[in-house]
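Read through the structure below, which is laid out as structure tokens, and then see the notes.
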Amino acid sequence: MAQVTAALAAARQGRGGAVLVTGEPGIGKTRLAAEALAAAAEARMVTAHGRPGTMGPRVPYRPLIEVLLLLSRAGLLPEPDELGRYGPVLGRLLSGSGAARAVDVSPLMVAETVLRLTAFLGRERGCLLVLDDLHEADAGTLAVVEYLLDHIGQQPAVLLLVAGREPCGAAELAARARRLGTATVLEPRPLSRGEVRLLVAAELGAGDPEADAELVRRAAADGAGIPFVVKQLVHDLTGHPPGDGRTPPVPAAVVDDIGRRAAKLGPFGVELLGTAALFGPRFPAAVLPYATDRDPAEVSVTLHAGVAACLIVPDASNPQWYAFRYPLAAQALLDGLGPGERAGYARRAARALADLHPGLPGTWRAQAAELAAHAGETRAAVRLYCEAAEQAMAGGTADRAVELLVRAHRLADADADADADADADADADADSDPGAVPGAHAAVLEQLLDALISSGRFDLVPAPVTGPEALGGAPAVPAGLRAGIHARLARIATLRGRPAEALGHLDTARCLLGDHPDPARAALVDLAAAHVELCRFAPDRLSTAAASARRAADAARHAGLPAVEGDALLVLGELARERDEPAALAHLDRARALAHEHRLPALRVSAEAHLARIATERDGRPARVERARQQALRTGALPLARETGFVLALEDVRRCEFGAARDRIRAEAAEAAGLGLGRTLALLRLADAVRCAHQGRRAEMREALEALAPHLDDAPGLRSMAYGTARAFCSLLEERHEAAEQEFARALAYDAENPSTGDFGRHGVILLLGVLAGRMGRRHHAEVAEASVSGTRWNRPFVGLAHAVLLGREGRTAEAAAAARAALEAAEPYPVARHLCLRLVARTAHTDGWGAPADWLREAEEYFHGAGVQAVAGACRALLRGMGAPVRQRRTGTEQVPAVLRRCGITAREFEVARLLAERIGNKDIAGRLHISPRTVEKHVASLLQKTGHPNRSAFASAARDLLTGTPAPA
């Protein structure tokens, strides 16, 4: 548009030019011409436009005659004598029979007449002539345009030409203009996703471009950036939200456009493209000669014509394939086929596919399924879709398997309904098998649910199966099949964080199994029970879960169900991780071996992720977990990827990479919420609370815990972690040790009621605090040291320093010092934990005469002062004074005080008080954290209010966030 505007401005200055707009249908050529006409009219230029007709006999010079007639109606044409000897030419073009007699006029004379007319029309403010759809124009018009292109530069006019890209005279004209530089050639490109979003917002009249994200997604995916198609989609889809994933109807205007362009290829072109559309948005060119019984050369010529018509394009990923220009084109062509025509084409294509690719290897099986569905061979299509889905799962593409199984389930559902109607209309037949169809339907549903459990696409879960009516209305569905379906639905409800719903499905499944269940079905139900047990409130839930998982593994082994056995082993590995790491590793290694042996990618990735977590907890190196997460994403195992993201977020927090942790938690939480993974979302909410707690940010921690609160009723094991890893740790960083002890005690109490598989400090910091307080001794240390989780790198510093404290009290000072060195070495990746440990053990080390307590306190003070955790920094300075050691004076330093507060005269100590006052903490607690008297705190608070001009501490606290970052001027 900028180039068009520049050309118009030049014409008003007497320098003419031409702009030729070309591109595929619907790209916006005519819209650009309309904008040009509007811009010219606003500049008070003379404007006119014309286009060839598409109905009736072809009229010579039709676009030019339309321009002349429009100017005549506006009273803008000169009298014939004003054009001299070219006046009669103008008269013949405008006369009643001029169209016929104009044939006798030389195109050169017509061209010169139009050229002189532009000089007359543009003599004051310039003029714009627009000729649209030149690919439909007659040869005479194109000859005139060629002449105008060569000479328009000497006139005060712009010639704007619009033409398609298909091979024709106009395309040759465009190529010549580009080569000789007689016109500016513009080729509008398809819209980017961001531009589609803006177009959708404009069509909806919305101020927010994100007003309908799903509509934008569908418009971008189905419209290929073609503005015409995007606009039609918006108007067709507005007010019709996505339903069950079925293909929406193609907008009528798009169907008409595709049909009109396909018809220009002739009857065989329509047949060829109709057959190609049976394969979907992409199709194999090599199959088409066999499917249409035509010579390959003829097929190739027609395909090239389809490319020229912008209906299809060569597939960039495979030279033997083509793709439709946009997905809706294939659907539009299918909609144009009659049922019999479609079935006939599909049967021929299916036979050709089977002949060319015996056994239907790889992706050909899914193609054959699609063709069988189009041919009306429903049961064959269902079978092929399920087999193709098995191949996809074996290849590690769960999302593709889900897509195929959704189609299979939809077909099986319709087939079951049809058979049920037929049974209702006919008498029972001796040879009929009323259970065959619903049984097959249920088997497809089982396979679909397995894929959904792996992929997390719970939005595609069919309506809950609560009775035979959900299986095509047939009551003869075997109870075992229905039990298996309910077991899988229990798994899904567990992943979504809905334990009550999961228990309901589990109870139904057990009732359906009866007293003598089939081992294969019993294994499925026991596996679901193991997962459900982990989410219910009961002190014995972990042991019950382990028993269910062992039964599931044993039954699956005997029934030959390696996937079920492997999943049960994963549960056993997770349950054994805390207390018996060798057993956990044995379970996980066995699951991984099963995955390799039976080609089960989802199981393999899960086993690798569990093993990576144990390795990371042992050595503190998260790279292996990140690799496992990426592998889960590649295979479409989204629930696993999100849970692995939680593990990495916790590791980021422990390493004090708080910015990375925040970004990871936000991204993973958004994905988990989108998938409906309630359990994983709860874990990420917990990780966010831990992130804030490890920075000593109580107010932000409270907000994160409030976001977690709605999940706690459905995630019993998280209560102990919320108190231990979040609240209690934050209290330690606030030097509120009594509060921390109480919060750790509550964590232990919650764990006794509902044991957690996560680490909340029981095997680390709780032991160290207990030993320092004298409540715990050798026996407690030995009990904790027996647990596998005590040996994780995060817990080793706490456990090792607890051992050092006990050694020091026993007078074994050299051994105590050595134990402390080893513990602090293990703490290197975790700055907050390391320096907190130094602060906690320094007094005892000084008293018992081991280690380097003064050096430890200086190191810890330096770290916490720099991190802004002033309570611990102040405690370190107080301990150093108590030891008689030199203390770095921080009170006179003002480097941490924002400039705006320094100008008010705020001292470093007053700034420390201000930070705590901003959290609305009382004077007594401030005094305890800073190791000063309450009276001194009162003086500092009064000074702060006086210097900043706030009437009271509440007003100061409300403004403190801005004041403490130094952004506004003080009141």
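Note that the coordinates shown come from a computational prediction; the quantities given were computed from them, not determined experimentally.
Here the straight-line distance linking atom NE2 of His304 with atom CG of Leu265 works out to 13.0 Å at 0.5 Å rounding. A distance of 8.5 Å separates CG of Asp81 from CG of Leu83, quoted to the nearest 0.5 Å. Interatomic distance, Thr184 OG1 to Leu161 CG, rounded to the nearest 0.5 Å: 11.0 Å. Note that the CD1 atom of Ile27 and the CG atom of Leu32 stand 11.5 Å from one another [nearest 0.5 Å]. In this structure, CG in Leu149 is found 9.5 Å from CG in Leu180, a value given to the nearest 0.5 Å.
When all heavy atoms of Ala7 and Val158 are compared, the closest pair comes out as O-CG2, 3.3 Å. Of all the heavy atoms in Val144 and Pro107, the pair that sits closest is CG2-O, 3.7 Å. Considering every non-hydrogen atom in both Ala329 and Ile258, the closest pair reads CB-CD1, 3.9 Å. The two residues Pro462 and His409 have their closest heavy-atom pair at CG-CE1, 3.7 Å. Shortest non-hydrogen contact noted between Ala219 and Val200 is CB-CG2, 4.2 Å. Closest approach of Phe228 and Ala253 over heavy atoms only: CZ-O, 3.8 Å.
Residue pairs meeting the side chain to side chain donor-acceptor pair (under 3.5 Å) criterion with at least one partner in residues 8-27, sequence neighbours excluded, are Glu24-Arg325. Here salt bridge (charged side-chain N to carboxylate O under 4.0 Å, His left out) pairs that include residues 143-158, with residues two or more places apart or in two chains, are Glu146-Arg176, Asp150-Arg176.
Note on ring orientation: taking the six-membered ring where Trp is involved, the planes of Phe283 and Tyr322 are parallel (angle under 30°, cut-offs 30° and 60°).
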* Apply side-chain contact (heavy atoms from CB on, under 4.5 Å) to Leu215 and Val234, showing your working. => CA-CA 7 Å; Leu215 185 57; Val234 170; 4.3 Å; yes
Set out, in order, the CA-CA distance, both residues' side-chain angles and the distance that settles salt bridge (Lys or Arg N to Asp or Glu O under 4.0 Å) for Asp256 and Arg260, then state yes or no.
CA-CA 6 Å; Asp256 292 343; Arg260 179 177 53 79; over 6 Å; no
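The one candidate from Asp236, Leu199, Ile226 that meets the side chain to side chain contact (heavy atoms under 4.5 Å, CB included) condition with Lys231 is Leu199. Of the options Arg342, Glu341, Arg348, a side chain to side chain donor-acceptor pair (under 3.5 Å) to Tyr345 is made by Glu341 and by none of the others. Leu131 pairs with exactly one of Val162, Val67, Leu160, Leu20 by the side chain to side chain contact (heavy atoms under 4.5 Å, CB included) rule, that one being Val67.
Judged purely by atom type and a 3.5 angstrom limit, Gln154 has no side-chain atom pairing as donor or acceptor with the backbone of His151. A donor-acceptor pair under 3.5 Å is absent between the side-chain atoms of Arg125 and the main chain of Val46, judged by distance alone. Judged purely by atom type and a 3.5 angstrom limit, Ser72 has no side-chain atom pairing as donor or acceptor with the backbone of Leu68. With hydrogens and angles ignored, the 3.5 Å screen pairs a side-chain donor or acceptor of Thr302 with a backbone N or O of Glu298. Here the side chain of His135 pairs a donor or acceptor atom with the backbone of Gly164 at under 3.5 angstrom. In this structure a side-chain-to-backbone donor-acceptor pair under 3.5 Å is missing from Arg197 to Val216.
Side-chain contact between Arg407 and Leu411: absent, with no pair of heavy atoms (C-beta onward) separated by less than 4.5 Å. A heavy-atom distance below 4.5 Å is found between the side chains of Val110 and Val89.
A salt bridge does not link Glu124 to Arg44: none of the charged side-chain nitrogens sits closer than 4.0 Å to a carboxylate oxygen. The residues Arg51 and Glu136 are annotated as not salt-bridged, no charged nitrogen and carboxylate oxygen being separated by less than 4.0 angstrom.
In this view, Asp138 satisfies the salt bridge (Lys or Arg N to Asp or Glu O under 4.0 Å) rule with no residue, not counting sequence neighbours.
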